[in-house]
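Please read all numbers here as calculations on a predicted model, not as lab measurements. Note on naming: letters A, B, ... go to the chains in the order of the sequence lines (proteins, then strands), and numbering restarts at 1 for each one.
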Amino acid sequence: MKPVELVEKILGFSKADDCIVIVEEARSVNVRFANNTTTTNGATHDLTLIILAIKDKRVGMVHRSYVNPDGLEALVREAEANCEFQQPAEDYFELVSGNSVAPDWDKSAITTDVSVFAGPAGELAEAFQQMQADDQRLFGYAEHNASTLWLANSRGLRRRHDQQRGQIEITAKTADFGSSAWAGQATRDFADVDVSGMVAGLRERLEWSKTRLDLPAGKYDTLLSPSAVADLTVYAYWTSAARDAAEGRTVYSKAGGATRIGERLAPENITLYSDPQEPGLNVPDFEITSSSSSYASLFDNGVELHKTNWIEQGVLKHLITPRYWAAKTGGEAAPFIDNLVMASGDNRSLAELIKGMKRGLLVTCLWYIREVDPQRLLLTGLTRDGIFLVEDGQVKGAVNNFRFNMSPVEMLGQIREAGATVPTLAREFGDYFTFTKMPPLVIKDFNMSSVSQAT
Amino acid sequence: MPKSIDKAFLALPLEQLAEVALSEIREAGASYGDFRLERLKGQDINVRDLNIERVSNSDAVGYAVRVVHGGSWGFAASYDLAPAAVRATVRQAVAVAKTLSALNIEPVEMAAEPVHTGTYVSSYEKNPFEVADKDKTGFMLEVNRVVLDGGADHVEFGVQQALENKFFASTEGTKTTQQRVRVQGNFEAVKIDSATGAFETMRSLGAPVGRGWEYMESGYDYMKAAHELPGLLAGKMKSESVKPGRYDVVLDPTNMFLTIHESIGHATEFDRVLGYEANYAGTSFATLDKLNKLQYGSKIMHVTADRTAEHGLATIGWDDEGVESQRWDLINGGILRGYQLNRQMALKLGLKRSNGCAFADSPGHVPIQRMANVSLQPARENVSTEDLISRVERGIYIVGDKSWSIDMQRYNFQFTGQQLYEIKNGRVVGQLKDVAYQGVTTEFWNSMEAVGGSSTYRLGGAFNCGKGQPGQVAPVSHGCPSALFRNINILNTVQEGAK
């Protein structure tokens with residue numbers, strides 16, 4: 001049975017006040033490599049069906065991956081039965097209605113297969129040989145996903161979203177694992193992936209690492225790569241629910257039940273926004289969610305998403321706000337959007353920022369970032385796979401890794417320089433939040449709390 | 001009474017589809033193949049400030065085919081249970097192996113394993129999916145009410161439950177059917193000083209376990225915790241901010257299980273030693289040249305790995321390569337003695353048999369080496385937590401896990417806790433706040449002076465240990481007693497964040 005037929009049958013069986021159906025068909029391919037050879041790979045085909053029945057403002061849910069067409073009515077009845085012991089939802093809101101069907105509504109799902117790797121695989125095979133000959137090693141991962149999601153409800157809403165999402169990451173190491181460098185890229189179809197260029201960049205950084213410098217823990221002016229900025233900024237975005245802030249339990253809270261909206265957090269040249277239409281970062285332009293939390297309401301399924309400035313010219317403008325919370329607080333709804341851009345208004349490259357640096361650290365990427373103190377959103381984590389000392393505009397050599405303790409929100413106030421905003425892949429959180437554009441940033445007094453022996 | 005495999009799972013065409021897959025694998029000329037059909041049933045409930053925020057039910061069925069063709073792995077997975085789709089999935093796995101073989105310079109070889117047939121059901125009393133939702137949410141609402149009545153400003157209680165079925169058949173003849181049940185639940189209270197905007201949180205200390213709903217009813221006393229926690233939280237709000245420096249530390253098992261997980265469990269994964277995780281989770285300082293030599297910790301340190309402990313989250317009958325579950329030493333007398341392996345890695349280590357650590361978290365994912373239950377063994381003597389505290393002149397007793405982070409070779413770590421007690425002259429004298437401990441793995445474990453006896457031993461763990469690309473989560477338990485560590489670096493987290 002075609003996914004759109006599933007959707008209509010389910011809605012036809014519904015006896016609830018309202019019903020929301022989400023169907024997603026996805027194909028994915030991946031390959032992983034280490035020590036200049038492959039380790040694992042895979043090709044998967046998935047189908048996900050979510051039924052949300054709503055009766056007397058109560059929600060019942062079922063979620064399946066395998067659907068027996070003969071059992072569809074039973075699934076709908078199960079969702080409706082699940083409403084019975086629920087409370088009326090505190091985030092209840094009138095569903096989005098619709099009277100038109102997306103033009104490509106009943107087309108088959110988009111697809112992918114292992115041939116998407118044909119180009120990169122050829123380049124990788126050559127790079128493996130070259131690295132092996134030079135006593136160096138490559139490690140990494142490539143993945144490509146193609147999925148189609150159909151969202152429908154009993155109020156006539158019929159939306160479809162096709163999403164291609166891919167990423168490639170490569171780590172280069174010397175044979176003794178003593179020096180390391182990482183590069184990563186988000187991509188839609190691998191046509192824009194230049195494996196040879198990525199490997200050349202990694203080899204340049206391994207070359208820089210031939211000079212080793214030991215530095216103690218302390219506060220350093222630090223040039224963060226766009227990837228490192230992305231990891232820290234994504235975390236700040238993930239914790240920016242308006243409800244949590246208003247309840248007094250996040251870094252965005254102010255005493256007395258207020259939030260910090262309107263407060264300056266960053267220099268005037270910094271704007272942080274999400275936009276489903278952002279070139280190269282296209283994500284769904286309508287809301288899709290299977291459950292409610294302070295970040296999202298399932299009643300908002302289908303709500304149109306538009307560009308939202310979270311920080312505008314350095315001032316906190318919006319927090320993530322579902323419709324029910326906006327209505328309750330008299331504010332403006334600002335749903336979560338699955339991409340993030342930090343606009344800096346500058347056009348200097350990372351290399352140009354290095355040239356302009358008197359003395360400081362250059363950090364390629366960050367790892368194992370975890371929250372230590374929610375009050376200030378203090379995060380801890382490690383520098384990884386490339387940290388260098390810059391003096392008088394030149395890279396002097398590789399430095400030992402550090403554990404840092406920093407708040408990404410307070411960090412915004414310590415920005416001293418910002419380069420050009422470029423597409424990047426967050427090293428740690430890119431798996432969950434793939435699409436970002438960030439500038440490199442020079443942060444004053446970045447707190448490197450202790451030395452890590454890791455290489 | 002032993003439970004039986006879920007009838008809905010057994011009603012799926014397991015044998016028939018396995019026969020289709022294995023025939024197709026042989027016809028395709030693969031030298032090895034396996035077929036794994038899984039059902040993963042889950043429920044996630046969240047009750048926040050007396051409102052049922054979420055009751056999410058999931059039920060996923062799918063299968064995976066893994067082949068060795070021309071010396072290379074090929075893996076494919078699907079949800080479509082039609083025999084024709086199974087054949088197509090096998091062909092896809094072979095196509096993946098062929099397409100990517102140009103990148104492979106090491107032909108796949110695996111350690112031998114006897115052929116096994118049988119069933120395994122984990123140890124539990126009450127299937128959580130047979131407990132009515134209204135009973136679960138009623139209990140969670142009551143805990144919410146008690147915590148709020150106790151003076152907390154906010155409370156959030158989350159409960160996750162899973163029923164996992166795995167059917168495995170390989171071209172070697174192994175055929176197993178398994179079922180595991182697990183639950184986890186904890187609530188977190190928030191206390192806010194409305195005048196200053198300062199706030200503190202504290203979480204209950206329930207452990208994720210390989211048990212059924214009986215754990216929520218009687219395995220951990222949530223209601224007692226609901227009564228006690230608001231007072232403890234108010235006390236924490238008023239407590240002194242810790243002065244950073246060196247302290248002796250007594251770790252409660254509710255905290256130390258996570259330190260074991262990060263600094264021993266992951267460090268002794270052989271795939272990390274080989275570099276397989278170098279691009280993602282990282283490598284390990286515990287390299288092969290250190291096996292049987294490295295003084296990992298003090299001489300009282302005995303760490304075992306197992307997939308056999310009752311109620312352990314990694315406990316199972318056979319792993320996802322058909323290897324029978326086992327128990328072995330990782331560290332004994334403080335010396336590094338072993339690793340966690342799959343069948344390929346066993347051969348690389350020069351062993352004839354894997355110790356059974358292959359696991360895939362879903363049918364859509366390939367089995368990779370995942371963690372066994374890694375546990376620190378207690379003292380033979382009856383040493384209590386109070387005995388350990390009595391040995392400390394100036395120190396901190398840390399209860400419950402909170403923030404955690406460790407570097408990519410498992411050297412440098414930093415952890416915090418839920419409840420932080422100041423020790424003076426052998427006695428707990430009050431609470432502290434803003435405490436984190438930082439250490440380097442081998443220095444830390446070599447500073448372990450004493451461990452508690454079996455009366456202090458407790459199983460902790462995690463549902464969602466992350467590793468691999470594409471990312472997979474694995475459930476794993478860690479048993480440990482209380483333990484005393486000397487001269488540990490304590491940070492003040494407020495000062496750490498200061499500009």
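For an aromatic pair to be called close, the ring centres must be under 6.0 Å apart, and A/Phe139 with A/Phe33 fails this. Between A/His144 and A/Phe117, a ring centre-to-centre spacing not shorter than 6.0 Å is recorded.
In terms of heavy-atom pairs under 4.5 angstrom with chain B, the leader among A/Met406, A/Glu90, A/Arg249 is A/Arg249. Contact tally against chain B (heavy-atom pairs below 4.5 Å) for A/Thr37, A/Thr171, A/Leu298: the top residue is A/Thr37. Among A/Asp244, A/Asp113, A/Val62, the residue making the largest number of heavy-atom pairs under 4.5 Å with chain B is A/Asp244. Of all the listed residues (A/Met61, A/Glu247, A/Lys444), the one sharing the greatest number of non-hydrogen pairs under 4.5 Å with chain B is A/Glu247. Each of B/Gly471, B/Gly364, B/Gly275 has some count of heavy-atom pairs under 4.5 Å with chain A, and the biggest count is that of B/Gly275. The greatest number of non-hydrogen atom pairs below 4.5 Å with chain B, out of A/Gln86, A/Glu169, A/Glu143, is found for A/Glu169. Between chain B and the residues A/Gly140, A/Ala125, A/Ser253, the most heavy-atom pairs under 4.5 angstrom are made by A/Gly140. Most heavy-atom pairs under 4.5 Å with chain A, from the set B/Gln92, B/Glu200, B/Gln409: that is B/Gln409.
A heavy-atom distance below 4.5 Å is not found between the side chains of B/Val273 and B/Thr283. Two residues are said to be in side-chain contact when any heavy atoms from C-beta on lie closer than 4.5 Å; A/Arg32 and A/Tyr141 meet this criterion. A heavy-atom distance below 4.5 Å is not found between the side chains of B/Asn492 and B/Val435.
Contacts between B/Glu277 and chain A at a heavy-atom distance below 4.5 Å involve backbone atoms as well as side-chain atoms. Both the backbone and the side chain of B/Tyr276 come within less than 4.5 Å of a heavy atom of chain A. Contacts of B/Val61 with chain A are made by both backbone and side-chain atoms, with heavy-atom separations under 4.5 Å. Using a 4.5 Å cut-off between heavy atoms, B/Leu40 makes no contact with chain A at all. Only the backbone of B/Ala281 comes within less than 4.5 Å of a heavy atom in chain A; its side chain stays farther off. With a 4.5 angstrom heavy-atom cutoff, B/Ile406 touches chain A via backbone and side-chain atoms both. With a threshold of 4.5 angstrom between heavy atoms, B/Thr89 does not approach chain A through any atom at all. For B/Asp49, the part sitting under 4.5 Å from any heavy atom of chain A is the side chain, from C-beta outward, and nothing else. With a 4.5 Å cut-off on non-hydrogen atoms, B/Val190 touches chain A through its side chain but not through its backbone. In this structure, the portions of B/Gln414 lying under 4.5 Å from any heavy atom of chain A include both its backbone and its side chain. When heavy atoms are compared at a cutoff of 4.5 Å, B/Ile192 approaches chain A solely by way of its side chain, counted from C-beta outward. Interface remark: B/Phe75 contributes backbone and side-chain atoms alike to the contact with chain A (heavy atom separation under 4.5 Å). Both the backbone and the side chain of A/Thr455 come within contact range of chain B, each with at least one heavy atom under 4.5 Å from a heavy atom of that chain. At a 4.5 Å heavy-atom cutoff, the contact between B/Val494 and chain A is made by backbone and side-chain atoms alike. Neither the backbone nor the side chain of B/Phe415 comes within less than 4.5 Å of any heavy atom of chain A.
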Original post:
Does the pair B/Asn412 and A/Val451 meet the rule for a side chain to side chain contact (heavy atoms under 4.5 Å, CB included), with working shown?
Top reply: CA-CA 8 Å; B/Asn412 176 306; A/Val451 169; 5.9 Å; no

Subject >> Evaluation steps, salt bridge (charged side-chain N to carboxylate O under 4.0 Å, His left out), between A/Asp46 and A/Arg27 >> reply: CA-CA 6 Å; A/Asp46 292 312; A/Arg27 290 184 188 270; over 6 Å; no

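Taking the ring axis of A/Trp182 as reference, the NZ or CZ atom of A/Arg384 does not stay both within 45° of it and closer than 6.0 Å to the ring centre.
Taking 4.0 Å as the cut-off between side-chain N and carboxylate O, B/Lys348 and B/Asp271 do not count as a salt-bridged pair. Note on B/Arg39 versus B/Asp59: salt bridge recorded, some NZ/NE/NH1/NH2 to OD/OE distance being below 4.0 Å.
There is no side-chain donor-acceptor pair under 3.5 Å between A/Asp373 and B/Thr493.
In B/Lys433, the NZ atom is crowded: over 12 heavy atoms of neighbouring residues, nucleotides or ligands sit closer than 6.0 Å.
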